[in-house]
Amino acid sequence: MFKNSFRLTDQQVETMIGNLLRISVIIAALVVLLGGVIYLIHFMGTHPDYRVFTGEPRDLRTVSGILRDSLTIHSRGIIQLGLLVLIATPVARVILALFAFALQRDRIYVVVCLIVLTVLIYSLSGGRL
Amino acid sequence: MNVLEFSVLIWLASLLAGFLGALTGLGGGVVIVPLLALGFGVDIRYAIGASLISVIATSSSAAAAYVKEGFSNIRIGMFLEIATTTGAVVGASIASRMPTTTIAIIFGVVLLISAYLSSVTRREREGQNQPDPLATHLRMNGSYPTPNGQEQYQAHAVPAGFSLMFIAGALSGLLGIGSGALKVIAMDQVMRIPFKVSTTTSNFMIGVTAAASAGVYLNRGYVDPGLAMPVMLGVLIGSLMGTRLLVTAKTRILRIIFALVIFVMALEMIYNGIAGRL
């Protein structure tokens, strides 16, 4: 497949990344859809109100809380899990690019990827400025 | 309106937004916030949270198609992402401290500018062919396929492009949009990278930028599953349909209509912001 397993071309790397992104979006959408169906069945008769901002409960804000909610088939938790998968896709893209640059022994871009990754993880872990 | 009716209506509206956004190349995210805030009376913070989610969905799903064409430049994209993600975290943090009426006014102004930018014709920048030494050092120069075979290009003015990317990221985090238009300007007009390379690289960057903002919004409790669900599924399916149709459709008239819609929405956002109703 690759002429030289240690020398991926940029094009090969990007094709790989592109396909990974598409698959993760499909997975994310299916999880959101599943949670959405359960949510609609469960809350069908209620009236949503988004006029007043209250903020989401603690368990829907953090990675660990969302995972706990999804395991107990909590519909809003499952949707949130799908959204988390979606938010993770660009993060996975940066990680893949990091490995690709490492294989190409491109030190500058390994560092560049690490910086971007740090900002993303900082933000996802509830980073506050 | 019960949950089912509400979800179906939002889904349909998002579908249309995603469809028109993809067809006109303006992105669906730019109309999601005004649509939810003005049309459905949703608090602007929930609207921004849902919009960011839809921006990631369209960016990531379109990436595979763009990659095949061989236009995007992963090095330029990744390097500039340092600026956009940092900007996004800053913007998202500012958003949580700023009154929603101020956010609405800024949103309106940014919408006006994007509507204007989409209506002016772009001019090719010709100039000296001296690449930025920094670009050479960072191996940003590349080639892309043209009808006459592979063509080489060089990146210029890296620091200026980088700074503009920080602003694009901050706006993305503050307003929940992809900032695609500003990203393209930074690469195409400032760094003088070919237009095709700029647009495809920008699409790649939008997802990473939006993910940086979305993390902050999620942690602040601004991402509501019941609202984000129909928005994400609608925009995603709509934009996929739009991309399919893109090849055959005549988009000029659509672009003008969409720009007008954005223009009206922008004025409404500014008016309601000043009136203190958002």
Side-chain angles (χ1 to χ4, degrees), chain A residues 10-11 13-15 17-19 21-22 24-25 28-29 32-33 35-36 39-40 43-48 50-53 55-58 60-62 75-77 79-80 83-84 86-91 93-94 97 106 108-109 112-113 115-116 119-120 122-129, chain B residues 1-4 6-7 36 40-43 45-46 53 56-57 59-61 63-68 70 72 74-75 78-79 81-82 85-86 88-90 92-93 100 138-139 142 204 207-208 210-216 218-230 232-233 236:
Chain A
D10 283 8
Q11 183 64 31
V13 171
E14 289 184 37
T15 306
I17 292 173
N19 288 330
L21 287 183
R22 193 164 45 181
S24 358
V25 172
V32 169
L33 186 66
Y39 167 78
L40 287 180
F43 292 98
M44 187 118 65
T46 59
H47 297 262
Y50 294 107
R51 276 171 204 284
V52 185
F53 180 79
E56 297 307 307
R58 269 252 91 82
L60 290 178
R61 293 185 189 201
T62 57
S75 67
R76 286 164 61 87
I79 297 176
Q80 214 74 331
L83 300 182
L84 208 56
L86 185 71
I87 296 174
T89 55
V91 184
R93 169 166 110 64
V94 178
D106 191 332
I108 298 177
Y109 278 90
V112 167
C113 288
I115 297 172
V116 175
V119 178
L120 285 172
Y122 171 77
S123 134
L124 270 172
S125 60
R128 281 169 191 258
L129 283 178
Chain B
M1 208 171 4
N2 69 33
V3 165
L4 185 64
F6 181 81
S7 303
L36 293 177
F40 292 89
V42 171
D43 183 281
R45 284 165 288 196
Y46 283 135
I53 294 293
I56 302 176
S59 163
S60 290
S61 67
Y66 281 130
V67 159
K68 250 179 242 148
S72 58
I74 194 168
R75 286 169 208 274
M78 196 60 76
F79 183 74
E81 267 160 18
I82 296 177
T85 51
T86 318
V89 173
V90 172
S93 304
T100 52
L138 291 168
R139 299 172 61 193
F204 238 179
V208 178
S213 316
V216 178
L218 186 75
N219 279 291
R220 295 264 156 83
Y222 295 0
V223 178
D224 182 83
L227 184 67
M229 181 260 298
M232 177 222 173
L233 294 176
L236 186 61

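Hydrogens, waters and symmetry mates are skipped; everything else that's a heavy atom, side chains included, is used.
A:Leu33 touches chain B through backbone and side chain together, each having a heavy atom under 4.5 Å away. Proximity to chain B involves both the backbone and the side chain of A:Leu60, based on heavy atoms less than 4.5 angstrom apart. Both the backbone and the side chain of A:Ile87 come within contact range of chain B, each with at least one heavy atom under 4.5 Å from a heavy atom of that chain. Only the side chain of B:Leu233 has a heavy atom closer than 4.5 Å to any heavy atom of chain A.
Between the side chain of A:Ser125 and the backbone N or O of A:Tyr122, at least one donor-acceptor pair lies under 3.5 Å. A donor-acceptor pair is defined here as one N or O able to donate and one able to accept, closer than 3.5 Å; such a pair exists between the side chain of A:Thr89 and the backbone of A:Leu86. A donor-acceptor contact shorter than 3.5 Å is absent between the side chain of A:Gln80 and the backbone of B:Leu218.
Under the salt bridge (Lys or Arg N to Asp or Glu O under 4.0 Å) criterion, A:Arg76 pairs with A:Glu56, B:Asp224, not counting sequence neighbours. Residues forming a ring pair (Phe, Tyr, Trp, His ring centres under 6.0 Å) with A:Tyr50 (at least two apart in sequence, or on another chain): B:Phe6, B:Tyr46.
Counting heavy-atom pairs closer than 4.5 Å to chain A, the top-ranked of the candidates B:Leu236, B:Leu36, B:Thr100, B:Thr85 is B:Thr85. Interface check for chain B: of the options A:Val112, A:Leu83, A:Val91, the most heavy-atom pairs under 4.5 Å are formed by A:Val112. Per-residue counts of heavy-atom pairs under 4.5 Å with chain B were compared for A:Ala29, A:Pro57, A:Ala88, A:Gly77; the largest is that of A:Ala29. Interface summary for chain A: among B:Gly226, B:Ser213, B:Ala228, the most heavy-atom pairs under 4.5 angstrom belong to B:Gly226. The residue among B:Met232, B:Arg45, B:Glu81 with the most heavy atom pairs within less than 4.5 Å of chain A is B:Arg45.
Residues A:Tyr109 and B:Leu138 form a side-chain contact, since some pair of their non-hydrogen atoms from C-beta on lies under 4.5 Å apart. In this structure the side chain of B:Arg139 never reaches within 4.5 angstrom of the side chain of A:Ile108, judged on heavy atoms.
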